*Asks:* 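Quick one: the structure is below, and I'll ask about it shortly.
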Amino acid sequence: MRLSQFFMPTLRETPAEAEIVSHRLMLRAGMVRQSAAGIYTWLPLGLRVLRKIENIVREEQNAAGAQELLMPTIQPADLWRESGRYDDYGKEMLRITDRHGRDMLYGPTNEELITDIFRRDVKSYRDLPKALYHIQWKFRDEVRPRFGVMRGREFLMKDTYSFDLDQEGARRAYNRMFIAYLRTFERLGLKTVPMAADTGPIGGDLSHEFHILADTGESEAFLHGDYLSFDPIGDGVDYDGDLQPLVDKWTSLYAAADDKHDTARFADEVPEDKRLETRGIEVGHIFYFGSKYSEAMGATVQDADGKSVPVQMGSYGIGVSRLVAAIIEASHDDDGIIWPASVTPFDVGLLNLKPGNEATDGACQKLYDGLNKAGLDVLYDDRKDRPGAKFASMDLIGLPTQVICGPREAEQGRVELKNRATGVKDIVSIEAALTALTDTSTGTAP
RNA sequence: CGGGGAGUAGCUCAGCCUGGCAGAGCACCGGCUUUGGGAGCCGGGGGCCGGAGGUUCGAAUCCUCUCUCCCCGACCA
């Protein structure tokens, strides 16, 4: 993509409304624009990141055996009357009346809808287990939306719902999601720690929030430092095997957000030199809620004895749009965003410092063609602008690798490779640059 | 929902107290110069001063109402 044609309205100054760093950078980099309080338009650059995150989430859900469907954003109120939540949910739920006077709502979550889908067609224990998910926009009419897309009213969420015959099955479903979440956040380049969370009316230990660690996170996090050195989950998880030992390992040490923090237990269970007090951002929440909805809404199956039993359910959410901001909170510097390779909007930024110069134009064209041919997404800054402006905006939008092409080096057949994260620069021949960038599948050399 | 603050050019903001032609920097358009970390000079375009009502010869400025946005708290993925 040529930057001269790309719709990427960057801002030199920070809009007055933005408080936290991710919000400021998302506005400045031209990723989002606010439409109303807590409601945003995703501009092309931001949408690219959102889609990349969404796809990683999707791949890991599929790998864990969940199946994707797509439920609507608008739901009939009657389903919520069945579960009893229509009155309980309060003003956070955006209620709508259609032209026929029917009560509708913009979904803040989808337990009722998925339970309805399930109960219509699943009647036998032989059809279990099932896990269904979708990635859809939700709306919660928060009293006070803030921090940009971090706490918007409209947000993109992945929510999975599991259906099992009994509690043991539900626990296996829970474990699959638990591990899939660790995998997902790992691939997004994030340090994540599962923390015990409120289990609601069911009780038990099947509820965890996943927090990513970032100095600027919104809640305090207290944890055993060994979490940071745990081996990554890695490729090739056997989701049909016994995941309990892995889950046990990841829940064995102390970790709590401020609302669940117990100072005495922290002191008791964690050696002093291992106590880590930092900040976190909640990006995922999984919990088992048993038959809460299946009983209320009559989602039953017949077991092997022909007896009708309500299915055991769990739900598992990931805040996809929030993750965009969370990743920035965890990965930025004074100059701008630093994207992990897995979610970067473009793999490579190519800077022509002097468009119109024969040497730089030629070198850039060769690199642009070569990198594109190798399947890399390249953002080519071919604008007639000063070098300083190009450096600044490329650093701001945070592509992992920059190829800087100025007349001085281009005349010698050379360009400069710059690693955005480390700032390390390397002058190499055009051919060497092409090789370095296309050899690694991630495109993050040097 | 309680408390505080702000709405003037695309962005950051001055002007308001003490009423009298609508402003600056950046951005944008044209020209010249410049070309390795958000350049310089010259010329230009752009505003229902959030909205409604009122006071006044005259309102961005004073008064009343209203809408929106932001921040702190309580609430939340």
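Worth saying up front: this structure is predicted, and the values here are computed from it rather than measured. These values consider heavy atoms only, across backbone and side chains, with no hydrogens, waters or symmetry-generated copies. So that the names make sense, note that chain A is the first sequence line, chain B the second, and so on, each numbered from 1.
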*Asks:* For a quick check of understanding: with a heavy-atom distance under 4.0 Å over all strands, which category does Gly317(A) fall into, base, sugar-phosphate or nothing?
*Replies:*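 The answer is nothing, as Gly317(A) stays clear of every strand by at least 4.0 Å.
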*Asks:* Kindly point out which of A77(B), C69(B), G36(B) is positioned nearest to the side chain of Arg322(A)?
*Replies:* A77(B)
*Asks:* Examine the base of C76(B) for any acceptor or donor lying under 3.5 Å from a partner atom in the side chain of Arg151(A), and report the outcome as yes or no.
*Replies:*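 Side chain to base: pair found, below 3.5 Å.
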*Asks:* Identify which nucleotide among G36(B), A74(B), G37(B) has an atom closest to any side-chain atom of Lys418(A), counting heavy atoms from C-beta outward.
*Replies:* G37(B)
*Asks:* Using side-chain hydrogen bond (donor to acceptor under 3.5 Å, both in side chains) as the criterion, list what pairs up with Ser22(A), not counting sequence neighbours.
*Replies:*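 side-chain hydrogen bond (donor to acceptor under 3.5 Å, both in side chains) list for Ser22(A), sorted by chain: Glu329(A).
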*Asks:* Nearest whole Å is fine: how far is A77(B) C1' from Ile135(A) CD1?
*Replies:* 15 Å
*Asks:* Is the distance between the ring centroids of Phe210(A) and Tyr181(A) under 6.0 Å?
*Replies:*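 Yes, the ring of Phe210(A) comes within the 6.0 Å limit of the ring of Tyr181(A), centre to centre.
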*Asks:* Quick one: is the NZ or CZ of Arg322(A) closer than 6.0 Å to the six-membered ring centre of Phe155(A), and within 45° of its axis?
*Replies:*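 Arg322(A) over Phe155(A) ring: no.
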*Asks:* For Leu396(A), answer base if it contacts any base atom (sugar-phosphate contacts may also be present), sugar-phosphate if it contacts only those atoms, and nothing otherwise; contact means non-hydrogen atoms under 4.0 Å.
*Replies:* base
*Asks:* Over all strands shown, is Lys390(A) touching base, sugar-phosphate only, or nothing at heavy-atom distances under 4.0 angstrom?
*Replies:*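 No contact.
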*Asks:* Does any donor-acceptor pair link the side chain of Lys425(A) with the base of G37(B) at a separation under 3.5 Å?
*Replies:*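 Counting by modelled atom types and ignoring angles, a donor-acceptor contact under 3.5 Å is found here.
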*Asks:* Considering only NZ, NE, NH1 and NH2 on the basic side and carboxylate oxygens on the acidic side, decide whether Lys249(A) and Asp226(A) come within less than 4.0 Å.
*Replies:*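 No, no charged N to carboxylate O under 4.0 Å.
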*Asks:* Hey, is Glu218(A) close enough to Arg151(A) for a salt bridge, meaning N to O under 4.0 Å?
*Replies:*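 Between Arg151(A) and Glu218(A) there is a salt bridge, with a charged N closer than 4.0 Å to a carboxylate O.
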*Asks:* Nearest-Å distance, NZ (Lys354(A)) to P (U34(B))?
*Replies:*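 Checked: the NZ to P distance equals 10 Å.
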*Asks:* Between C76(B), G36(B), C1(B), spot the one nearest the side chain of Arg144(A), thanks.
*Replies:* C1(B)
*Asks:* Rounded to whole angstrom units, what separation is found between the CD atom of Glu142(A) and the P atom of C1(B)?
*Replies:* 14 Å
*Asks:* Counting side-chain heavy atoms from CB outward, which of C71(B), A77(B), G36(B) is closest to Phe155(A)?
*Replies:*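 For Phe155(A), the side-chain atoms sit closest to A77(B).
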*Asks:* Does the side chain of Arg386(A) get closer than 4.0 angstrom to OP1 or OP2 of G36(B) through an N or O atom?
*Replies:*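 For G36(B), OP1/OP2 do not have a side-chain N/O of Arg386(A) under 4.0 Å.
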*Asks:* For G10(B), does the base pair up with any side-chain atom of Glu13(A) as donor and acceptor (N or O, under 3.5 Å, distance only)?
*Replies:* no
*Asks:* Is the base of G36(B) stacked against the aromatic ring of Phe391(A), taking ring centres under 5.5 Å apart and planes under 30° as the test?
*Replies:*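 By the stated criterion, Phe391(A) and G36(B) do not stack.
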*Asks:* Categorize Glu409(A) for me: base, sugar-phosphate, or nothing, with a 4.0 angstrom heavy-atom threshold over every strand shown.
*Replies:* base
*Asks:* Just the rounded figure in Å: distance from C1' of G36(B) to CD of Glu411(A).
*Replies:* 14 Å
*Asks:* Across the strands shown, which category fits Gly152(A) at heavy-atom distances under 4.0 angstrom: base, sugar-phosphate, nothing?
*Replies:* base
*Asks:* Can you list every ring pair (Phe, Tyr, Trp, His ring centres under 6.0 Å) pair that touches residues 44-96 of chain A, not counting sequence neighbours?
*Replies:*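 Output for this query lists Trp80(A)-Tyr89(A).
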*Asks:* Between G23(B) and C16(B), how many Å separate the two C1' atoms, rounded to a whole number?
*Replies:*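 After rounding to an integer number of Å, I get 14 Å for this pair.
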*Asks:* Starting from P on U35(B), measure out to CG on Asn352(A) and report it in whole angstrom.
*Replies:* 16 Å
*Asks:* To the nearest Å, how far apart are Gln136(A) CD and A77(B) C1'?
*Replies:*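 Gln136(A) atom CD is separated from A77(B) atom C1' by 15 Å.
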*Asks:* What's Thr14(A) touching, base or sugar-phosphate or nothing? Going by heavy atoms closer than 4.0 Å.
*Replies:*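 The answer is sugar-phosphate, as Thr14(A) gets under 4.0 Å only of primed atoms, P, OP1 or OP2.
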*Asks:* Can you see whether Tyr106(A) has Lys138(A) sitting over its ring - NZ or CZ less than 6.0 Å from the centre and within 45° of the normal?
*Replies:*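 Here Lys138(A) fails the 6.0 Å and 45° test against Tyr106(A).
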*Asks:* Categorize Asp395(A) for me: base, sugar-phosphate, or nothing, with a 4.0 angstrom heavy-atom threshold over every strand shown.
*Replies:* base
*Asks:* What nucleotide, of G73(B), U12(B), U35(B), holds the atom closest to the side chain of Pro15(A)?
*Replies:* U12(B)
*Asks:* Which nucleotide, A77(B), G36(B), C69(B), lies nearest any side-chain atom of Ile404(A)?
*Replies:*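 So the side chain of Ile404(A) is nearest to G36(B).
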*Asks:* For the pair made of NE2 in His208(A) and P in A77(B), what is the distance, rounded to whole Å?
*Replies:* 16 Å
*Asks:* Which whole number of Å gives the distance between the C1' atom of U34(B) and that of A39(B)?
*Replies:*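 My reading of the C1' atoms in U34(B) and A39(B) gives 7 Å.
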*Asks:* Does a donor on one side chain sit under 3.5 Å from an acceptor on the other, for Asn175(A) and Gln244(A)?
*Replies:* yes
*Asks:* Report yes if at least one side-chain N or O of Lys91(A) is closer than 4.0 Å to OP1 or OP2 of C1(B); otherwise report no.
*Replies:* yes
*Asks:* Kindly say if Gln34(A) contacts the phosphate of U68(B), meaning a side-chain N or O under 4.0 Å from OP1 or OP2.
*Replies:*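 It does not, given that no N or O in the side chain of Gln34(A) lies less than 4.0 Å from OP1 or OP2 of U68(B).
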*Asks:* G36(B), G37(B), C1(B): which one has an atom nearest the side-chain heavy atoms of Arg408(A)?
*Replies:*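 Among G36(B), G37(B), C1(B), the one nearest the side chain of Arg408(A) is G36(B).
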*Asks:* For a side chain to side chain contact (heavy atoms under 4.5 Å, CB included) with Met31(A), tell me which candidate from Leu47(A), Ile328(A), Leu25(A) qualifies.
*Replies:* Ile328(A)
*Asks:* Between residues 17-29 of chain A and RNA chain B, which residues have a heavy-atom gap below 4.0 Å?
*Replies:*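 Those residues are Glu17(A), Glu19(A), Arg28(A).
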*Asks:* Over how many whole Å does the gap from Leu156(A) atom CG to A77(B) atom P extend?
*Replies:*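 After rounding, the gap between these two atoms is 16 Å.
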